[in-house]
Amino acid sequence: MLSNNDGCIVSRTDEAKAIGVGMAAPFYQNKDIIEQHDIAVFSSNYHLYGDMSWRVMETLRMLMPPGAVEVYSVDEAFLDMSHIPAAQLQQKALEIKNTVEMWTGIKVSIGVAPTKVLSKVANRLAKKHKEATNCVLLLDTPNKLKKALEQTPIGDVWGVGSRYAYKLLNHHGISNAWQLQQMPEAWAKQHLGGVVGLRLIKELNGEPCIEMKDPLEKKKMIATTRMFGIPVFDLQPLKEAVATYTARAAEKLRRQYSAASYIDVFVVTNERKEQAYTYNPQSNHRYVSLPNPTSITGELIKYAVPLVEQLYRKGPKYLKAGVMLGGIVPDSSLQGNLFVPPQSNKQRLLMSAIDNINFSMRDDVLKYATSGTTRNWKMRQEMRSKRYTTRWDELYEIG
DNA sequence: TCTGGGGTCCTAGGACCC
DNA sequence: TCTGGGGTCCTAGGACCC
């Protein structure tokens with residue numbers, strides 16, 4: 001499966017992994033091997049994945065007490081199982097796994113352990129040894145834990161990225177999670193980013209330090225950024241793109257009942273340096289503080305477009321643009337705000353109406369003229385599967 | 001010649017995650 | 001010719017305050 005714009009490979013079946021299709025590798029570099037083995041390729045399809053993800057998460061929420069499910073990403077969740085007696089954990093995990101598969105068709109694997117970091121270790125092994133574990137693995141004895149940690153390469157530990165993995169291996173001779181777990185806390189604090197490293201060591205030792213997150217927490221930053229489907233050289237399409245992204249970001253803002261206090265616009269160019277044709281992205285950004293926090297699309301566009309005008313120079317090829325909203329505060333216009341002109345309060349109602357229409361009909365049925373009408377810079381999704389579960393006209397058909 | 005201590009807030013940048 | 005998008009947390013350092 002590919003990232004946006006059909007750029008990178010971001011997920012692979014076990015079979016594709018075995019053949020040697022690289023992770024996060026550029027798609028075009030793997031075209032030969034993909035054609036050779038007739039591997040199926042799919043563009044990103046957020047409607048389908050988002051909907052299936054929601055079905056899986058709903059299933060989990062139905063099987064657990066309120067507040068015990070933390071959705072961590074589109075395909076991952078943490079479950080607080082502290083209310084379940086130790087002797088029943090295995091059975092409960094199996095029940096969850098089977099129910100999810102029965103109700104959604106999605107196969108999941110489950111790792112059970114005292115901390116989040118350890119449950120990720122367990123989950124990875126459950127998935128890796130499907131036959132032996134039946135996709136469920138408990139780390140409930142010191143022995144099992146030691147074995148599991150020994151089998152976990154350092155770079156596969158949650159919280160150890162490529163930088164730390166390199167450093168740990170080459171400067172400290174640490175190659176697996178067990179060796180890391182043995183290191184003193186003071187050492188971790190010094191070499192692995194301060195309190196972050198300290199937490200990691202504690203979690204590896206079974207002491208929970210990473211809390212379950214409240215699902216009602218609001219985002220502190222909201223961004224919409226895209227690569228262009230085709231190279232862009234002119235100001236006009238750049239302005240259209242930034243207006244479009246601003247509208248999307250504003251939608252996300254309103255969905256969590258927030259307003260933004262500043263807006264940051266950036267563009268990425270491929271400056272050709274001395275060696276022609278090399279990929280050499282350069283990012284430039286500019287931001288402005290808003291006189292009043294707002295969630296009104298038109299207001300935000302009014303501030304965003306001048307920023308892109310300031311950033312634009314004729315010449316370079318533009319690969320990408322983006323909008324970031326920050327200084328997120330509760331949206332006071334929701335209750336009707338005495339301190340802004342009545343016009344703004346009406347605007348907020350208009351926004352709600354537009355959001356409802358765009359949500360129930362189809363994305364972007366209603367949009368701002370600044371966003372452009374042809375929009376041929378939009379991203380490529382040439383191999384997108386159908387949106388089976390969210391579009392009537394793309395329903396699965398049985399012959 | 002000498003130049004405090006303690007605190008807050010903000011931004012930039014680096015690391016990480018999926 | 002072609003390399004994603006959207007986040008989080010932490011630290012350092014500067015500006016400013018009394």
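These values consider heavy atoms only, across backbone and side chains, with no hydrogens, waters or symmetry-generated copies. Each chain gets a letter, A, B and so on, in the order its sequence line appears, and its residues count up from 1.
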Want to know the stems of DNA chain C: at least 3 consecutive Watson-Crick or G-U pairs with distances under 3.5 Å, which are they? B:5-18 with C:5-18
Determine, using the 4.5 Å side-chain heavy-atom cutoff (strictly less than), whether V308(A) and Y287(A) are members of one ILVMFWY cluster. no
Of all residues at least two apart in sequence or in a different chain, which pass the ring-ring contact (aromatic ring centres under 6.0 Å, His included) check with W158(A)? Y72(A), F78(A)
Atom-to-atom span, CG of N30(A) to C1' of dT3(C) - whole angstrom: 11 Å
Would you indicate what K252(A) reaches in the nucleic acid, counting non-hydrogen atoms under 4.0 angstrom: base, sugar-phosphate, or nothing? sugar-phosphate
Report the distance from atom CD1 of I210(A) to atom C1' of dC17(B), rounded to the nearest whole Å. 11 Å
Exercise: do S352(A) and R348(A) side chains pair donor with acceptor under 3.5 Å: yes
The side chain to side chain contact (heavy atoms under 4.5 Å, CB included) partners of Q29(A) (sequence neighbours excluded) come to P26(A)
T224(A) near the nucleic acid: base, sugar-phosphate alone, or nothing, with a heavy-atom cut-off under 4.0 Å? sugar-phosphate
Would T141(A) and N143(A) count as having a side-chain donor-acceptor pair, cut-off 3.5 Å? no
Position toward the 5' end of DNA chain C (nearest nucleotide), K213(A) or F27(A): F27(A)
If we take the C1' atom in both dC2(B) and dC18(C), what is their distance in whole Å? 22 Å
Whole angstrom value for the distance that separates P of dG4(C) from CE of M383(A): 14 Å
Residues two or more places apart in sequence or in another chain: which of them pass side chain to side chain donor-acceptor pair (under 3.5 Å) with T152(A)? none
By side chain to side chain contact (heavy atoms under 4.5 Å, CB included), which residues pair with E397(A), not counting sequence neighbours? none
Between atom NZ in K317(A) and atom P in dT1(C), what is the gap in whole Å? 9 Å
Take the protein atom CD of E70(A) and the nucleotide atom P of dC18(B), then report the distance between them rounded to whole Å. 13 Å
Side chains of residues 86-99 of chain A: which donor-acceptor pairs under 3.5 Å do they make with residues two or more places apart or in other chains?
from	atom 1	to	atom 2	distance (Å)
K92(A)	NZ	L63(A)	O	3.2
K97(A)	NZ	N134(A)	OD1	3.2
N98(A)	ND2	L94(A)	O	3.3
T99(A)	OG1	E95(A)	O	2.6

salt_bridge(E58(A), R55(A)) N-O dist < 4.0 Å: no
If I compare all heavy atoms of R254(A) with all of S295(A), which pair ends up nearest, and what's the gap? NH1-O, 2.9 Å
Review item, nucleotides 6-13 of chain B N/O atoms under 3.5 Å of protein N/O:
none

Within residues 192-201 of chain A: residues closer than 4.0 Å to DNA chain C (heavy atoms): V195(A), V196(A), R199(A)
Which of the following nucleotides, dC18(B), dC2(C), dG5(C), is nearest to the side chain of Y28(A)? dC2(C)
With heavy atoms under 4.0 Å as the rule, sort L2(A) into base, sugar-phosphate or nothing. nothing
How about S43(A) and Q381(A): does a side-chain donor come under 3.5 Å of a side-chain acceptor? no
Mapping K218(A) and N4(A) onto DNA chain C by nearest heavy atom, which one lands closer to the 5' end? N4(A)
Taken to the nearest whole Å, CZ/R380(A) to P/dG4(C) is 10 Å
With the threshold set at under 4.0 Å for non-hydrogen atoms, list the residues of residues 154-177 of chain A touching DNA chain C in residue-number order. none
When all nucleic acid strands are considered with a 4.0 Å heavy-atom cut-off, which category describes D6(A): base, sugar-phosphate, or nothing? nothing
In whole angstrom, give the distance that lies between atom CG of L319(A) and atom C1' of dT3(C). 10 Å
Which pairs of donor and acceptor atoms, one on a side chain in residues 184-193 of chain A, lie under 3.5 Å apart (sequence neighbours left out)?
from	atom 1	to	atom 2	distance (Å)
W187(A)	NE1	H191(A)	ND1	3.1
H191(A)	ND1	W187(A)	O	3.2

Would you kindly give the NZ-to-P distance between K378(A) and dG4(C), to the nearest whole Å? 18 Å
Does any part of the side chain of M212(A), heavy atoms only, come nearer than 4.5 Å to the side chain of K116(A), both counted from C-beta? yes
Please set out all donor-acceptor pairs under 3.5 angstrom arising from side-chain atoms of residues 100-113 of chain A, sequence neighbours excluded.
from	atom 1	to	atom 2	distance (Å)
E101(A)	OE2	K107(A)	NZ	3.1
T104(A)	OG1	V100(A)	O	2.6
T104(A)	OG1	I106(A)	N	3.1

Using the test side chain to side chain contact (heavy atoms under 4.5 Å, CB included), find all partners of K386(A) that sit at least two apart in sequence or belong to another chain. Y388(A), E394(A)
Tell me whether the OP1 or OP2 atom of dC18(B) has a side-chain N or O from K120(A) closer than 4.0 Å. yes
